[in-house]
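Here the structure is a predicted model, which is why all the values come from computation and not from measurement. FYI, side chains are in, hydrogens and waters are out, and symmetry mates aren't considered; it's all heavy atoms of this structure. So you know, we letter chains A, B, ... as the sequences are listed, proteins then strands, and number each from 1.
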Amino acid sequence: MKYEKIQAPKGVREYLPPESQAFEWVRQQLISPAKLAGYQLMELPVFEETGLFSRGVGESTDVVSKEMYTFEDRGGRSITLRPEGTAGVMRAVIESNLDRGQLPVKVWYSGQFFRAERPQAGRYRQFYQVGIEAIGSDDPALDAEVIAIADQGFKNLGLKNYRLEITSLGDADSRSAHRTDLVSFIGKLDLDESTAARAALNPLRLFDDKRDEIKSAMKDAPLLLDYLSDYSRENFEAVKDYLDDLGIAYVVNPRMVRGLDYYTGTTFEFVHEDLGAQSGIGGGGRYDGLMEVLGGQALSGIGFGLGVDRALLAAIAENTLPVASFTSDLFLIPLGESMKGFALSLASELRQSGITVELAFGDRALKGAMKAADKSGARYALVVGENERDSGLVELKRMSDGQLISVKISELKTVLSS
RNA sequence: GUGGGCGUAGCUCAGCUGGUAGAGCACUCGGUUGUGGUCCGAGAUGUCGCGGGUUCGAGCCCCGUCGUUCACCCCA
């Protein structure tokens with residue numbers, strides 16, 4: 001009886017060695033600027049009560065209406081695998097009263113998210129994001145800082161071929177004035193049924209349509225940026241000024257559309273140029289009403305989510321991965337059974353100094369062990385036999401050029417960490 | 001959810017108008033005594049995604065299904 005193999009669920013992205021090293025590096029680089037800015041970790045559940053998303057993200061969004069993994073748990077509760085991060089953060093902040101302390105609350109998160117979409121290049125049903133949220137301040141300097149943190153994450157990866165697009169969705173008054181005019185503009189267009197239905201749900205969506213006929217029809221549509229209230233406009237100007245001061249390049253895209261309903265005010269997206277259809281590597285914005293809608297106080301917040309999977313694809317496309325740093329410093333080969341104990345101790349000692357050391361296992365011939373050393377990509381190889389143990393002197397082999405370097409065992413740490 | 005491409009050894013693929021499966025790379029061992037990357041030799045490897053159909057005969061044709069990939073849509 002032979003069992004069938006079980007496959008991973010459709011559309012999930014797994015990271016296995018050696019690629020996982022690059023993935024971990026990318027995730028680390030993306031989030032480190034937030035840590036440097038005093039954001040603190042929030043470790044959250046990957047599933048939440050369904051109502052959190054239908055209420056927080058918005059019933060009319062595609063994400064909620066057709067892309068959520070929703071199921072009933074054994075207690076008859078409706079549960080949903082999180083499709084995004086902000087709603088969960090807000091829920092936790094409210095539930096634990098973090099907003100009763102000093103403001104803004106500044107947190108970061110990292111983990112997997114789930115959307116039941118058709119998989120595609122850069123689009124997976126389980127995907128990874130890192131993100132931050134800053135809650136309880138509407139200072140435009142905070143908007144600029146949040147954008148700068150995201151931008152620094154991409155710079156840490158060495159990325160260049162991306163652009164930052166920003167716009168402002170204004171406050172409630174700005175949006176309702178614009179919406180009235182936009183709806184009447186769209187009403188005069190001759191649209192097919194499904195497009196009209198989309199427009200009825202959220203007229204802004206038509207700005208995002210890729211079809212030429214829609215693009216040209218929308219060419220003269222009223223833009224939200226022209227409807228901003230004085231407060232919103234001044235706020236947006238301030239954010240742009242700060243970005244200029246920071247030397248962060250951006251383009252204002254008044255037709256930007258975000259897929260989540262809670263965004264207000266400053267809104268932004270990072271778009272990479274070498275990625276194909278799924279080119280958004282990160283995005284975010286301000287959300288004024290979200291906390292209140294979720295039963296908390298009426299505090300404003302701003303945050304972003306960065307796609308780790310896509311950032312990795314971008315780093316591969318731009319060839320910026322520091323591949324050399326993904327391998328060990330030393331590959332240690334004990335000569336014969338009797339030297340294994342000595343090798344284990346030596347490896348352990350070196351590791352305590354932060355040196356990455358791999359050991360040769362099994363009883364392969366020295367030649368085979370050297371081959372293994374070569375394939376591991378380690379910078380140095382070292383054979384230890386009785387001679388070395390007794391004399392305290394070893395021949396360290398530099399793998400890049402094959403040179404043997406005589407070193408005292410006591411000085412290995414120094415040589416290897418340089 | 002809609003549409004197109006693809007599914008043959010671990011990987012990349014070849015397999016002519018249907019006649020019972022191959023290459024390169026990788027892998028293991030060896031080319032005698034303690035140092036890899038080159039070279040040479042030897043070896044292991046597949047229910048040709050799965051199910052059904054047509055046929056004397058199917059990896060090659062047909063249908064279905066699953067997976068994968070790209071695009072629409074949507075977004076990270």
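At a threshold of 4.0 angstrom between heavy atoms, the contacts of Ser400(A) include nucleobase atoms, whether or not backbone atoms are also involved. Using a 4.0 Å heavy-atom cutoff across all strands shown, Gln403(A) reaches no nucleic acid atom at all. Backbone-only engagement by Lys375(A) is indicated by non-hydrogen atom pairs under 4.0 Å involving sugar-phosphate atoms exclusively. Using a 4.0 Å heavy-atom criterion, one finds that Glu269(A) contacts no nucleic acid atom at all. Within the 4.0 angstrom heavy-atom criterion, base atoms lie near Lys397(A). At the heavy-atom level, Gly402(A) lies under 4.0 Å from base atoms of the strands shown. If you check every strand for non-hydrogen atoms under 4.0 Å, Leu306(A) touches nothing. When heavy atoms are screened at a 4.0 angstrom cut-off, Arg205(A) is found touching the sugar-phosphate backbone but no base atom. Using a 4.0 Å heavy-atom distance criterion, Gly336(A) is classed as making no nucleic acid contact.
Proximity of Arg379(A) to Met399(A): side-chain heavy atoms (C-beta onward) are nowhere separated by under 4.5 Å. At least one side-chain heavy atom of Glu165(A) sits less than 4.5 Å from a side-chain heavy atom of Arg163(A).
Side-chain contact check for Asp244(A) and Tyr250(A): at least one donor-acceptor pair (N or O, by modelled atom type) lies under 3.5 Å. The closest side-chain donor-acceptor pair between Glu84(A) and Tyr262(A) falls under 3.5 angstrom.
Whole-Å rounding puts the Lys371(A) NZ to U28(B) P distance at 7 Å. Remark: P of A76(B) and CD of Glu84(A) are 8 Å apart, rounded to the nearest angstrom. Atom CD of Gln129(A) and atom P of C75(B) are 13 Å apart (whole Å). A straight line from CG of Leu404(A) to C1' of G34(B) spans 11 Å, rounded to a whole angstrom. For the pair Arg398(A) CZ and U35(B) C1', the computed distance is 15 Å after rounding to whole Å. Across the protein-nucleic acid pair, Leu393(A) atom CG and U35(B) atom P stand 17 Å apart, rounded to whole Å. Note: CZ (Arg125(A)) to P (G1(B)) measures 7 Å, nearest angstrom. When rounded to the nearest whole Å, the span between NZ of Lys66(A) and P of U2(B) equals 12 Å.
The distance between the ring centers of Phe23(A) and Tyr128(A) falls below 6.0 angstrom. Checked against the 6.0 Å centroid criterion, the rings of Phe331(A) and Tyr380(A) do not qualify as a close aromatic pair.
Remark: G3(B) base-pairs with C70(B); criterion is Watson-Crick or G-U wobble with both hydrogen-bond distances under 3.5 Å. For G24(B), the paired nucleotide is C11(B), the pair qualifying as Watson-Crick or G-U wobble because both relevant distances are below 3.5 Å. Under the Watson-Crick or G-U wobble criterion, with both distances below 3.5 Å, A58(B) has no partner in any strand shown. If you check U65(B) for Watson-Crick or wobble pairing at under 3.5 angstrom, you find it paired to G49(B). Using the Watson-Crick or G-U wobble rule with both distances under 3.5 Å, U32(B) pairs with nothing in any strand shown.
Between A21(B) and U47(B), the distance separating the two P atoms is 13 Å to the nearest Å. For the P atoms, the distance from A9(B) to G22(B) is 14 Å, rounded to whole Å. Nucleotides G10(B) and G46(B) place their P atoms 8 Å apart, quoted to the nearest Å. Rounded to whole Å, the C1' atom of G18(B) lies 12 Å from the corresponding atom of C56(B). The gap from the P atom of U32(B) to that of A23(B) amounts to 28 Å, rounded to the nearest Å. If you take atom P in C27(B) and the same atom in G5(B), they sit 37 Å apart, rounded to whole Å. Using P as the reference atom, C40(B) and A58(B) are 40 Å apart when rounded to the nearest Å. The same atom, P, is picked in C60(B) and in G43(B); the two are 31 Å apart, to the nearest Å.
In terms of position on RNA chain B, the residue among Ala121(A) and Tyr128(A) whose nearest nucleotide sits closer to the 5' end is Ala121(A). Toward the 5′ end of RNA chain B lies the nearest nucleotide of Pro9(A), the other residue of the pair Gly276(A) and Pro9(A) mapping further downstream.
Of all nucleotides listed (U35(B), G3(B), U68(B)), U68(B) comes nearest to the side chain of Lys10(A). With C73(B), G3(B), G34(B) as the choices, the nucleotide that has an atom nearest any side-chain atom of Val383(A) turns out to be G34(B). For Gln278(A), the side-chain atoms get nearest to C73(B) when compared with the rest of C73(B), G31(B), U2(B). Set against A76(B), C75(B), G34(B), the side chain of Glu388(A) has G34(B) as its closest nucleotide. The side chain of Ala277(A) lies closest to C72(B), out of C72(B), G36(B), U68(B). Here the nucleotide nearest the side chain of Arg118(A), chosen from A76(B), A71(B), G36(B), is A71(B). Among the nucleotides A76(B), C75(B), G37(B), the one closest to the side chain of Phe127(A) is A76(B). Closest to the Leu366(A) side chain, of the nucleotides G37(B), C73(B), U35(B), is U35(B).
Applying the 3.5 Å distance criterion, the base of G31(B) shares a donor-acceptor pair with the side chain of Lys367(A). Residue side chain Arg310(A) reaches the base of C75(B) through a donor-acceptor N/O pair under 3.5 Å, judged by distance alone. The base of A76(B) sits with one of its N or O atoms less than 3.5 Å from a complementary donor or acceptor on the side chain of Glu117(A). Side-chain atoms of Asp374(A) and base atoms of G37(B) include no donor and acceptor less than 3.5 Å apart.
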Begin from the C-alpha positions of Glu48(A) and Ile79(A) and carry the test side chain to side chain contact (heavy atoms under 4.5 Å, CB included) through to its verdict. CA-CA 6 Å; Glu48(A) 296 272 5; Ile79(A) 296 293; over 6 Å; no
Do Tyr287(A) and Glu133(A) pass the side-chain hydrogen bond (donor to acceptor under 3.5 Å, both in side chains) test, and can you show the C-alpha distance, the side-chain angles, and the key distance before you say yes or no? CA-CA 10 Å; Tyr287(A) 39 87; Glu133(A) 309 294 344; 2.5 Å; yes
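Residue Arg258(A) places at least one side-chain N or O closer than 4.0 Å to OP1 or OP2 of A76(B). Of the side-chain N and O atoms in Gln120(A), one or more sit less than 4.0 angstrom from OP1 or OP2 of A71(B). Side-chain nitrogen and oxygen atoms of Arg115(A) include none within less than 4.0 Å of the OP1 or OP2 phosphate oxygen of C73(B).
The cationic group of Arg82(A) lies under 6.0 Å from the six-membered ring centre of Phe113(A) and within 45° of the ring axis, placing it in a cation-pi geometry.
Rounding to the nearest 0.5 angstrom, the gap separating the CG atom in Leu312(A) from the CD1 atom in Ile281(A) is 12.0 Å.
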